[in-house]
Amino acid sequence: MGVLNVTPDSFSDGGRYADLDAAVRHGLRMYRDGARLVDVGGESTRPGADRVDAETETARVLPVIRELAAHGVPMSIDTYRARVAAAALDAGVTVVNDVSGGLADPDMAKVVADAGCPWVLMHWRGHAKQMRDLANYTDVVTDVKTELDQRIADALAAGVAADRIVIDPGLGFAKRPADNWQLTARLPELLELGYPVLFAASRKSYLGALLAGPDGSPRPTDERAEATIATSVLAVAAGAWGVRVHDVRGTADALAVWQASGRPRLVGSVPAPVGSEPTR
Ligand code: PMM
């Protein structure tokens with residue numbers, strides 16, 4: 001999954017693809033580089049970010065989605081608003097990527113159930129402004145697993161088919177660096193829920209902290225590509241269904257090497273959700 005943020009303020013690529021042509025070019029490049037989905041987002045979820053209204057979010061994403069759909073690019077919509085998801089599905093996306101796991105908008109489950117599309121349920125505890133205060137866990141992996149299990153139960157109760165659900169630990173969302181590393185190391189425990197897992201570490205601040213310079217300053221976001229590739233390969237080897245990354249080419253290359261080497265998954269994977277694999 002390649003990240004296409006059509007926002008002025010996302011933490012690593014904010015402003016870069018706010019212009020339609022630049023966004024479409026980048027989406028096409030990621031598709032050519034091996035992205036099976038281009039994940040289009042119109043609202044930044046970085047810690048502390050301001051919300052935008054639904055009209056602004058929709059106006060940002062729809063022209064890009066229409067243009068990429070015309071080129072046959074498979075896409076997901078990165079939103080927690082049902083209205084935005086519905087408009088994006090009408091315009092050609094086939095997957096809903098909801099960082100709130102269905103919590104932010106009570107209408108989202110119905111939109112997804114009616115569309116019959118795959119739904120990424122990410123572990124989430126609150127909006128960007130509050131998330132720093134919500135990183136309190138007894139045992140982060142157990143707590144995330146329990147909370148994701150509840151999100152899955154709610155989705156099923158709302159009529160979403162089990163084979164359309166993908167889960168995501170939500171790295172960096174109400175998580176301290178040590179929490180992200182625990183979720184990385186113990187990814188197989190999340191697989192025990194029986195759903196495909198999306199792993200989205202790309203360029204996140206805990207990688208910047210890991211690679212801090214001698215003065216303690218974090219590695220800049222656009223210099224975290226190699227660390228991202230390493231985490232992504234480890235996650236897929238541990239059984240993740242997919243990875244969400246900014247630098248598609250390097251990740252696709254690394255995964256091609258991993259696959260060609262015939263290495264088995266460390267744990268064994270869960271089948272992909274129905275409808276998530278585009279024909280190419
Ligand atoms: N992270 C971001 C945005 N969308 N979606 C999922 N499923 N999982 C994530 O961890 C996730 C996401 C924030 O990163 P960005 O600003 O680079 O898009």
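The analysis underlying the following values was restricted to heavy atoms, covering all of them including side chains, and did not include hydrogens, waters or symmetry mates. Note that ligands are numbered from 1 as they come in the structure, with each ligand's atoms numbered from 1 the same way.
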Residues E57 and R83 bridged, charged N to O under 4.0 Å | no
Looking at D78, which atoms of ligand 1 are within less than 4.0 Å of one of its heavy atoms?
-> 3 (C), 4 (N), 12 (C)
Could you pull out, from D98, V99, V245, the option with a heavy atom nearest to atom 12 (C) of ligand 1?
-> V99
For Y80 and D105, the nearest pair of non-hydrogen atoms, with its separation, is O-CB, 3.2 Å
Do ligand 1 and K204 have nitrogen or oxygen atoms that lie under 3.5 Å from each other?
-> yes
If you measure from atom 7 (N) of ligand 1 to every heavy atom of N97, V3, L4, which option wins on shortest distance?
-> N97
Side chains of K175 and Q182: does their closest heavy-atom pair fall under 4.5 Å?
-> no
Has ligand 1 got any nitrogen or oxygen that is less than 3.5 angstrom from a nitrogen or oxygen of D39?
-> no
Under 4.0 Å to a heavy atom of F173 - the qualifying atoms of ligand 1, by number | 1 (N), 2 (C), 9 (C), 10 (O), 11 (C), 13 (C)
Supply the atom-to-atom distance L121 CG to Y195 OH, rounded to the nearest 0.5 angstrom.
-> 9.5 Å
Do K204 and F173 pass the side chain to side chain contact (heavy atoms under 4.5 Å, CB included) test, and can you show the C-alpha distance, the side-chain angles, and the key distance before you say yes or no?
-> CA-CA 10 Å; K204 287 193 172 164; F173 286 80; 3.7 Å; yes
If you look at every heavy atom in E43 and R60, which pair is closest and at what distance?
-> CA-NH1, 4.3 Å
Should we count CZ of R186 as having more than 12 external heavy atoms under 6.0 Å?
-> yes
For A200, take its heavy atoms, then give the atoms of ligand 1 lying under 4.0 Å from any of them.
-> 8 (N), 9 (C), 10 (O)
Contact with ligand 1 for R203, non-hydrogen, under 4.0 angstrom | no
Element-labelled atoms of ligand 1 that are located less than 4.0 Å from some non-hydrogen atom of H246 | 17 (O)
Is the closest basic N to carboxylate O distance between D149 and K145 below 4.0 Å?
-> no
Numbered atoms and elements of ligand 1 in range of L198, under 4.0 angstrom, heavy atoms | 7 (N)
Taking only heavy atoms of D168 into account, list the atoms of ligand 1 that are under 4.0 Å away from them.
-> 6 (C), 7 (N), 8 (N), 9 (C)
Near N5 (heavy-atom distance under 4.0 Å), the atoms of ligand 1 are 15 (P), 16 (O), 17 (O), 18 (O)
